[in-house]
Amino acid sequence: MRTKLVMGNWKMHGNLQTNEVLLARLLAGWGEGRAAGLAVCVPTPYLAQTQNLLRGSAIGWGAQNVSKHLSGAYTGEVSASMLLDFGCQYVLIGHSERRAIYGETDSVAAAKFSAALSAGLIPVLCVGETLVERESGVTEEVIARQLDAVLELAGTQGFGRAVVAYEPVWAIGTGKTASPEQAQAVHANIRQRLAEHDAHLAAKLQLLYGGSVKASNAAELFAMPDIDGALVGGASLVAEEFLAIGQAACA
Ligand code: PGA
C-alpha cells in the first residue's frame, strides 16, 4: 500500500509576509497522524523561513531546482548539499517550465536527479508531454525518453528513493486537467515501464499527478489505482484549497 503525497509547487510566488500567513494556515490545518503526506516546494530564498516555521511539524518541504554540480565555480547555482542544510527532503527535477524556458534537457534533468540522490534528497522527477506531442500520439514515447535518461544515469535503484510526477504540459496552469482515466493510463504505463526493470520497486514508487489539480477534482484523481497524490501549483498558494486536496488524499 503506497502512502499518498500532496506536494505544493509555489513556483516564483510569495514574499516573507505572505509565506508566513500561508504556512501558519497550513500548520493550523495539518497535524500529525494524517494518512497522507503534505509538503511544499518553495523558492530557494525562503527555505530558511520555511525550515524555521515547519521544523518539527507534519509538513515537509523542498526546493524547485538544484545544480547538477556538487560544488565549485558555478555562479548563481545552488547545490543539493546547500538544500540539505535547510532541511529540504525534496527537490523538483525537470519541471516542464525548467525544460521549456531554461532549456533543461533530459540529460541535465538526469544529472540533477543523481546530484539530489547523492546528497540524500528525494528527487521528484517531473515528466509529461506537450499538447502537440499528445495530439501526435507520442505521449508514451516522450515519457519513456524522459525516464530512460534518468534510468541510464541513476540506474533503476535511483528510483528506490524518488518520486515521479506526471504533469502533462497542456494541463499546467491552464485549468485543463487530464481526466482521471487519461492520467491513470499514463501512470500505469510509467509503473509498467519501471516494473520491467524492478517490479518490487515499481510497486512501491509514489506517482503524483500534476496539472490544474484543485480541491474539486482531487478526489476523482486520487481514486485511480496508480495515482498516489498530486503536485499542485496554483492551488497550493491558497491554504484552504491545498489543505482540502491533502484531505482528499487521506480518504
Ligand atoms: P498547476 O501547476 O497546478 O498550477 O497547473 C502544476 C505544476 O506546475 O506543478
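As the structure lists them, so they are numbered: ligands from 1, and atoms in each ligand from 1.
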Side chain, backbone, both or neither: the part of Ile172 lying under 4.0 Å from ligand 1 by heavy atom: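 Contact part for Ile172 vs ligand 1: both backbone and side chain.
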Does the N or O separation between [X] and ligand 1 drop below 3.5 Å for any pair?
X	result
Leu231	no
Gly234	yes
Gly233	yes
Lys11	yes

Would the distance check show the side chain of Arg99 and the main-chain N or O of Cys126 forming a donor-acceptor pair, the cut-off being under 3.5 Å?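 Judged by distance alone, yes, a pair lies under 3.5 Å.
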With no hydrogens and no angle check, is any side-chain donor or acceptor of Gln49 less than 3.5 Å from a backbone partner on Leu16?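 Yes; judged by distance alone, with no hydrogens or angles, the pair exists.
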Is it true that [X] and [Y] have a side-chain N and a carboxylate O under 4.0 angstrom from each other?
X	Y	answer
Glu97	Lys11	yes
Glu129	Arg134	yes
Glu140	Arg193	no

For [X], the ligand 1 atoms whose distance to one of its heavy atoms is below 4.0 Å:
X	result
Gly173	1 (P), 4 (O), 5 (O)
Ala171	5 (O)
His95	7 (C), 8 (O), 9 (O)
Ser212	1 (P), 3 (O), 5 (O)

Gap separating the CD atom of Glu167 from the CD1 atom of Ile172, nearest 0.5 angstrom: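 One gets 4.0 Å once the value is rounded to the nearest 0.5 Å.
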Suppose we call two aromatic rings close when their centres sit under 6.0 Å apart. Are Phe86 and Tyr46 close by that rule?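 No; Tyr46 has its ring centre 6.0 Å or more from that of Phe86.
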Name the residue from His187, Gln192, Arg191 that meets the side chain to side chain donor-acceptor pair (under 3.5 Å) definition with Asp226.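 The residue from His187, Gln192, Arg191 that satisfies side chain to side chain donor-acceptor pair (under 3.5 Å) with Asp226 turns out to be Arg191.
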Going by heavy atoms, is Gly211 under 4.0 Å from ligand 1?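 It does; at least one heavy atom falls under 4.0 Å.
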Does Lys214 reach ligand 1, in the sense of a heavy atom lying below 4.0 Å from it?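 Contact check Lys214 vs ligand 1: negative.
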Who gets closest to atom 9 (O) of ligand 1 by heavy atom: Glu167, Met7, Gln64, Lys176?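 Minimum heavy-atom distance to atom 9 (O) of ligand 1 goes to Glu167.
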